[in-house]
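Take a look at the structure set out below.
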Amino acid sequence: MVNIKTATEIEKMRVVGALAAEQLEMIAEHITPGVSTGELDRICHRYTIDDQKATPAPLNYRGFPKSICTSVNHVVCHGIPSDEKILKDGDIINIDVTLIKDGFHGDTSKTFVVGTAGVLAERLTQVCKESLYLGIQAVKPGAYLGDIGAAIQTYVEKNRFSIVREYCGHGIGTVFHDEPQVLHYGKKGTGPELKSGMTFTIEPMINAGKREIKDGPEKDGWSIVTRDHSLSAQWEHTVLVTEQGYE
Ligand code: MF3
Ligand code: CO
Ligand code: CO
C-alpha cells in the first residue's frame, strides 16, 4: 500500500525538502578542480548538523560510511566520498543528499559540471535534468506511475542515451526507501494510480553508452559504474502529488 500523507506530515516533508535543496545550493561553490569528494562530504556533514540541525540519512544507512553520495563520471550512483578522489576540470559529479528532520526524509541530487564541461558531458547532464522535469510534469491525481517512466524513457531514448534499470525512485517519508518503486521507464497507463498526498522520489540515472552496470572496482559494496565505462548522470527530486498536480 502506498501511504497518503496528512497535512501535518506534508508540512514536515516541505521543511526537510527545502533543507535538502538548500544543501545542494550550498555545496555548488565548493565543486572546483582540486577538491576531494571527502572534503565535499565533510562540508555537507558539518552544514547538516551545525547549521541545519538535521541528520544526514546516508550515514550508517545499511552500513554506508559517509553523509552524502558522490558519483563521478562513469560512477552511476552510491559513490563513497574519499580524500583520494580529487575532482578535475571537465568531470561531472552527482551529489546526492538526504536529510532527516523531525523524522521525515528529503532526498535530492543533481549532476554538477566541474570547471568546463565537454560537449557530451554537458548534453548528458542536461538531458537527464530535462527528463526528470518531464517525469515530474506527468504527476497528478488520476495519472499512473507508469506515465512518469514513459515520459522519461521517451525523452532519454529520443536523445540516444540509455536508462539504468536496476535502480528506481521510491516512496519517502518517515521511511527512506518506501513503496512504491518509481521506474524510469515503462508504459503510460500502467502501475498504481497516483493519489493526492503521495510523496515519492523521481531520480533517473542515464548513461552516454549502454545501460548495463556493474559493481565499482573498489569492491566497497556500494559504488556502481557503467559496464562500458561511459559517462552517467543523475538528477533527483522528492515530489508530492497535489490536487492540482505536483509540488
Ligand atoms: N539518496 C539515495 C537515493 O536516492 C540513496 C543513498 S543510500 C546510501 O535513494 F546509503 F547510499 F546513501
Ligand atoms: Co532517492
Ligand atoms: Co538520493
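The first residue of the sequence shown is numbered 1, and numbering continues consecutively from there. For ligands, and for the atoms within them, numbers begin at 1 and follow the listed sequence.
At a cut-off of 2.8 Å, H170 is counted among the residues with an N, O or S atom near the Co ion (ligand 2).
Which parts of ligand 1 touch T98 is read off a 4.0 Å heavy-atom cut-off, strictly below it: atoms 1 (N). Which parts of ligand 1 touch F64 is read off a 4.0 Å heavy-atom cut-off, strictly below it: atoms 8 (C), 10 (F), 11 (F), 12 (F). For ligand 1 and W222, the ligand atoms under 4.0 Å from any heavy atom of the residue are 8 (C), 10 (F), 11 (F).
Nearest to atom 4 (O) of ligand 1 among the protein's heavy atoms is E203 OE1, 2.8 Å. The protein heavy atom nearest to atom 7 (S) of ligand 1 is Y61 CD2, 3.9 Å. Given atom 12 (F) of ligand 1, the protein heavy atom at minimum distance is P58 CB, 3.1 Å. Of all protein heavy atoms, the one closest to atom 2 (C) of ligand 1 is D96 OD2, 3.4 Å. Summary of contacts: the protein heavy atom closest to atom 9 (O) of ligand 1 is H177 NE2, 2.7 Å.
Looking only at N/O/S atoms, D107 comes nearest to the Co ion (ligand 2) through OD2. E236 has its closest N, O or S atom to the Co ion (ligand 2) at the position named OE2. Atom OE2 is the N, O or S atom of E203 at the shortest distance from the Co ion (ligand 2).
For the pair T125 (side chain) and T111 (backbone), a donor-acceptor distance under 3.5 Å is absent. Looking only at distances, no side-chain donor or acceptor of W222 sits under 3.5 Å from a matching main-chain atom of C69.
Ring planes of Y167 and H78: perpendicular class, angle over 60° (limits at 30 and 60°).
The ring of F200 has its center no closer than 6.0 angstrom to the ring center of H237.
Residue-level proximity to ligand 1 for C77 is absent, since no heavy atom of it falls below 4.0 angstrom. Here T201 has no heavy atoms under 4.0 Å from ligand 1, in either its backbone or its side chain.
Listed by first and then second residue, the side-chain hydrogen bond (donor to acceptor under 3.5 Å, both in side chains) pairs involving residues 33-42 are E39-R42, R42-D83 (not counting sequence neighbours).
Between H170 and ligand 1, at least one pair of N/O atoms sits closer than 3.5 Å.
Membership of the apolar cluster around I93 extends to L24, M26, I27, I31, V35, L40, I43, Y47, I68, V72, L87, I95, V97, F112, V114, as traced through chained side-chain contacts below 4.5 Å between ILVMFWY residues.
Between the side chains of D107 and T201, no donor-acceptor pair of N or O atoms lies under 3.5 Å.
Partner of L19 under the side-chain contact (heavy atoms from CB on, under 4.5 Å) criterion, chosen from D51, L99, T48: L99.
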Evaluation steps, salt bridge (charged side-chain N to carboxylate O under 4.0 Å, His left out), between R14 and E247: CA-CA 9 Å; R14 259 187 208 114; E247 181 177 327; 2.7 Å; yes
Stepwise side-chain contact (heavy atoms from CB on, under 4.5 Å) test for I136 and Y246: CA-CA 7 Å; I136 291 172; Y246 60 84; 3.4 Å; yes
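Ligand 1 has F176 within reach: a non-hydrogen atom of the residue lies less than 4.0 Å from it.
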